[in-house]
Number of protein chains: 2
Amino acid sequence: MGGGTERTRDADRTRAEILSVATAEFADRGYAGARINEIADKLSTTKRMIYYYFGGKEQLYVAVLEQAYSRIRGLEQQVDVEHLDPVEAIRELAGLTFDHHEAHPDFIRLVSIENIHRAEHIARSEVLTRLANPALDVLGRILERGWDAGVFREDVDALDVHQVISAFCVFRTANRHTFGAIFGRDMLDPARRDHQRRLLGDLVVDFLTAH
Amino acid sequence: MGGGTERTRDADRTRAEILSVATAEFADRGYAGARINEIADKLSTTKRMIYYYFGGKEQLYVAVLEQAYSRIRGLEQQVDVEHLDPVEAIRELAGLTFDHHEAHPDFIRLVSIENIHRAEHIARSEVLTRLANPALDVLGRILERGWDAGVFREDVDALDVHQVISAFCVFRTANRHTFGAIFGRDMLDPARRDHQRRLLGDLVVDFLTAH
DNA sequence: CGGCTTATGTACCAACTGGTTACGTACCAG
DNA sequence: CTGGTACGTAACCAGTTGGTACATAAGCCG
């Protein structure tokens with residue numbers, strides 16, 4: 001804590017600050033590698049508050065995951081593609097998914113980290129195990145429209161397509177460093193962004209419209 | 001270490017055992033979460049040998065990565081698709097890549113873990129920074145044959161295609177747990193394997209053959 | 001104003017961590 | 001036989017770890 005002796009009480013602000021610093025630290029170092037003392041050193045309050053508000057390291061981590069997932073879900077809820085024909089709608093949805101993933105590398109890393117831990121922390125969260133999936137709902141409706149119009153293949157479901165889109169978007173961030181080290185190409189290079197975004201759109205559209 | 005008092009000297013065997021146990025432990029717990037004492041407890045030799053052969057935790061981890069990558073590269077070298085026409089060859093390559101990834105979950109996890117650490121350990125390895133990429137060479141030749149035959153799109157290169165295939169194959173294992181927890185579907189469910197493998201083949205072929 | 005609840009600060013704790021040292025045994029090739 | 005090396009046991013180390021005990025004080029409200 002900074003040198004001043006002033007102490008102003010604001011529970012919401014303190015709680016939010018802890019969550020924000022912890023999000024960055026867990027995303028950077030992983031759950032096992034992040035250190036409570038280091039998170040505390042970056043706060044304008046003391047380590048004691050971490051235990052006061054969250055109870056312990058694991059509970060803090062779960063709260064970080066809950067907040068990260070809720071934010072991404074909020075973004076997904078703002079997707080507006082209902083007015084487009086199915087082919088353009090799926091291309092637009094893929095593009096927006098691409099944008100959201102690229103804009104939130106911390107979220108991607110947190111998801112990777114939680115997979116290393118086999119999603120056992122997610123399993124402890126009521127919030128996370130009940131999370132709605134707006135993107136999947138939107139995708140399902142697009143597929144139905146495409147099926148009704150006879151333009152989309154019918155041997156895959158919404159979750160298959162979601163998997164394809166997510167795989168591409170997640171991989172760019174989650175595997176960025178090893179891919180770059182081994183192949184000498186940065187998948188997140190801004191100069192390649194448009195090409196990658198178009199590639200994803202074509203990939204999904206060409207796949208879905210093939211019969 | 002087991003109760004027996006017999007002691008047979010075999011440096012290669014001891015070294016290999018340490019590597020094997022460490023691979024499992026690092027893949028399971030991550031670099032930061034794995035514990036030298038716990039690795040040692042699982043050996044038929046002593047913690048002292050870890051330092052004797054590898055020098056320290058980080059060097060052990062790098063050796064694990066080197067071995068894991070070398071094994072996968074060995075498999076990739078055995079791919080035989082030159083006799084197939086370009087479309088069938090790319091489909092076959094995608095399928096074999098799918099198989100290799102599925103058969104080596106520890107490798108996938110280790111790559112995810114190393115990405116959390118931003119590939120900084122890979123950067124310290126001469127072996128890994130010089131690793132040949134047989135799968136990429138094979139893929140490049142298939143693409144050239146497809147371009148010569150006028151059947152493949154020309155706005156993507158071998159690394160783009162490799163990215164698409166890897167993204168799908170890696171995602172199944174790397175994100176298995178969160179995907180399963182959130183969507184209730186196990187991407188590695190044996191009952192879905194054929195469907196997923198066919199999906200990948202179609203995805204890549206439909207994309208490459210679209211003009 | 002003061003009691004009370006709650007937010008906050010400081011110092012301390014037992015256990016753990018990767019690593020080292022001391023001392024020794026014993027295998028095995030030449 | 002001998003020296004070098006592989007190996008074992010046990011103890012030790014300084015620093016770190018997540019967490020706790022105790023104290024202080026902000027600020028609301030009667």
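Naming convention: chains lettered A, B, ... in sequence-line order (proteins, then strands); numbering from 1 in each chain.
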Among all residues two or more places apart in sequence or in another chain, which pass the side-chain hydrogen bond (donor to acceptor under 3.5 Å, both in side chains) test with B:R118?
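If we apply the side-chain hydrogen bond (donor to acceptor under 3.5 Å, both in side chains) test to B:R118, skipping adjacent residues, the hits are A:D28.
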
Which residues share a side-chain hydrogen bond (donor to acceptor under 3.5 Å, both in side chains) with A:H162, sequence neighbours left out
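Applying side-chain hydrogen bond (donor to acceptor under 3.5 Å, both in side chains) to A:H162 gives A:S166.
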
Taking [atom1] from [X] and [atom2] from [N], how many angstroms apart are they, rounded to a whole number?
{"X": "A:F54", "N": "C:dA7", "atom1": "CZ", "atom2": "P", "value": "12 Å"}
{"X": "A:I50", "N": "C:dA7", "atom1": "CD1", "atom2": "C1'", "value": "15 Å"}
{"X": "A:D12", "N": "C:dT8", "atom1": "CG", "atom2": "C1'", "value": "15 Å"}
{"X": "A:M49", "N": "D:dA25", "atom1": "CE", "atom2": "P", "value": "15 Å"}
{"X": "B:L43", "N": "D:dT9", "atom1": "CG", "atom2": "C1'", "value": "15 Å"}

Charged tip of B:K57 within 45° of B:Y31 ring normal and under 6.0 Å:
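The answer is yes, since B:K57 meets both limits relative to B:Y31.
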
Any cation-pi pair here, A:R185 with A:F179, using under 6.0 Å and within 45°?
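So A:R185 doesn't make the cation-pi contact.
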
Check A:R29 with A:E38, please: is the shortest side-chain N to carboxylate O separation under 4.0 Å?
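So A:E38 pairs with A:R29 through a salt bridge.
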
So what does A:Y52 touch, heavy atoms closer than 4.0 Å: a base, only the sugar-phosphate, or nothing?
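Base contact.
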
Residues in side chain to side chain contact (heavy atoms under 4.5 Å, CB included) with A:E88, at least two apart?
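A:L84, A:D85, A:R91.
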
Does A:A24 offer a backbone N or O that forms a donor-acceptor pair with the side chain of A:D106 under 3.5 Å?
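A pair under 3.5 Å: no.
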
Residue pairs involving residues 93-114 of chain A (criterion ring-ring contact (aromatic ring centres under 6.0 Å, His included); sequence neighbours excluded):
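The answer is A:Y69-A:F107.
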
Base versus backbone protein contacts along nucleotides 20-30 of chain C [heavy-atom cut-off under 4.0 Å; B, S, -]:
BBB-BBBBS--

Please work out which residues in residues 13-39 of chain A have a non-hydrogen atom less than 4.0 Å from an atom of DNA chain D and list them by number.
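A:A34, A:R35, A:I36, A:N37, in order of number.
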
